[in-house]
2 protein chains.
Amino acid sequence: MVNKLRQHIIDRLGSTPDNIDDVLATFHTLKLKRNEVILKQGEICKYVYFVASGCLQVFVYDKEMNETTRDIITENNWCSELISFGGQQPATENIRTVEPSDLLAIDRQGFQRLMETVPQFDKVYKQILEASYANSVYRINTFVSLTALERIKWLMEYRPKLMSRLSSKLIASYLGISQETFSRLKGKL
Amino acid sequence: MVNKLRQHIIDRLGSTPDNIDDVLATFHTLKLKRNEVILKQGEICKYVYFVASGCLQVFVYDKEMNETTRDIITENNWCSELISFGGQQPATENIRTVEPSDLLAIDRQGFQRLMETVPQFDKVYKQILEASYANSVYRINTFVSLTALERIKWLMEYRPKLMSRLSSKLIASYLGISQETFSRLKGKL
DNA sequence: GTTTCGTGTTGACAAATGTCAACGTTTCAG
DNA sequence: CTGAAACGTTGACATTTGTCAACACGAAAC
């Protein structure tokens, strides 16, 4: 499990940092079942997670308590509520597992220590931030300019594996449409 | 004009960096009229801009060539297509002035030099990135979970100055609704 | 093995929003 | 100052999407 993170870091940097074992030791491991909540909105987000296996859902509730999903994170990617984690503010989002998942977690203290002592860790953080940002921008632009059907087509092209891996309910929530509309539109392909 | 940037950097860092004049000299100034395009999608984004005065619109076209606005940047804020700028890839977005504007621009070479030689500049960059990311996340979540009317109310509360400063057309495009719907819903307040 | 619950599908209808057209007003270039 | 173009508003109507309800199916719980 830790090896997945080791490999991820090596791939990211294109080289092996000297103190990689120190870096890896700063994380602790978590084995979670399906449907476990690891962050509730209103709480302070205490960790950044690396998803070694499984799948996480980042979502918000609207005023009728419907969930809409901002992001879906699969293995070999990072997940957190960075704004809450970085600014120590209450989280505006919730995170839970949608599959049994293995996570590697790093707390704020460990994170800051690595940021200061391992220059390459700072670099990895910047890469994660940039990737997260790029992802968000992309998502806003698809949301704003595409119809429900176009968004489905977009997902099939851009993240095809999700279509077969996840429940229709979750995909609909990710696309910002109702489950029924999603079911109907699928028929029109 | 340059003084606005100086003050912005000092405010951000909470202190004056030693080589601030070196930093400032790396920027060049631009005076633009209303409606000037400074980035077209497909081009590589060559600069990061600091908006000393005026207002910029970041937008995309859908397949019918309607514009939708991802972001609106007013004075004392940064604007770029960071993904294109950082990765030297074709931009997916367009940027133009919506008011006469004074900009300070830094190119990639200058940017990288400052990143390497001025640690605080790296820090400012990270702050910009974090703020941009936070802003995007916020925007996705409002888009996905709010109705048109709720989005109008949200804008009035969150960025009230924009309502009086910008054209209805632009605001509608920022909220992801048609100009007519916007006009009608305004009446219902 | 049976029950129970969540999921996916479908129908009927309602609500929200978009589109097209018309028209008065404002803005801006010449 | 003046004419053309863009903007804002309103009406009529079309389209998209949501909501509620019913039901079949399969997975998980007992």
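Order of the sequence lines sets the chain letters (A, B, ...), proteins ahead of strands, with each chain counted from 1.
- For B:K169, the NZ atom sits in a loose shell: 12 or fewer heavy atoms of surrounding residues, nucleotides or ligands are nearer than 6.0 Å.
- Near DNA chain D, defined here as any heavy-atom distance below 4.0 Å, the residues from residues 167-189 of chain B are B:S167, B:S168, B:K169, B:Q179, B:E180, B:S183, B:R184, B:K186, listed numerically.
- A heavy atom lying under 4.0 Å from DNA chain D marks none of the residues of residues 53-65 of chain A.
- Distance, B:K33 NZ to C:dT27 C1': 16 Å, rounded to whole Å.
- Per the geometry, CZ belonging to A:R34 stands 10 Å off C1' belonging to D:dA28, to the nearest Å.
- A salt bridge links B:R96 with B:E67: the closest approach of a Lys/Arg side-chain nitrogen to an acidic carboxylate oxygen falls below 4.0 angstrom.
- B:L146 has its CG atom 16 Å from the C1' atom of D:dG18, to the nearest Å.
- A:E99 places its CD atom 16 Å from the C1' atom of D:dA27, with the value rounded to the nearest Å.
- In this structure, A:R108 is not positioned above the aromatic face of A:Y47 in the sense of NZ or CZ being under 6.0 Å from the six-membered ring centre and within 45° of the axis.
- When rounded to the nearest whole Å, the span between CG of A:L149 and P of D:dT17 equals 8 Å.
- Scanning both residues, A:V51 and A:G54, for their nearest heavy atoms gives CG1-O, 3.9 Å.
- Ring-plane geometry between A:F111 and A:Y125 is classed as perpendicular, the angle between the planes exceeding 60 degrees on a 0 to 90 degree scale with a lower cut at 30.
- With hydrogens and angles ignored, the 3.5 Å screen pairs no side-chain donor or acceptor of B:S53 with any backbone N or O of B:E75.
- Residue A:V60 comes nearest to A:T92 through the heavy atom pair CG1-O, 3.5 Å, listed as atom of the first residue, atom of the second, then distance.
- For the pair A:R139 and A:Y174, the distance from NZ or CZ to the six-membered ring centre is under 6.0 Å and the angle to the ring normal is within 45 degrees.
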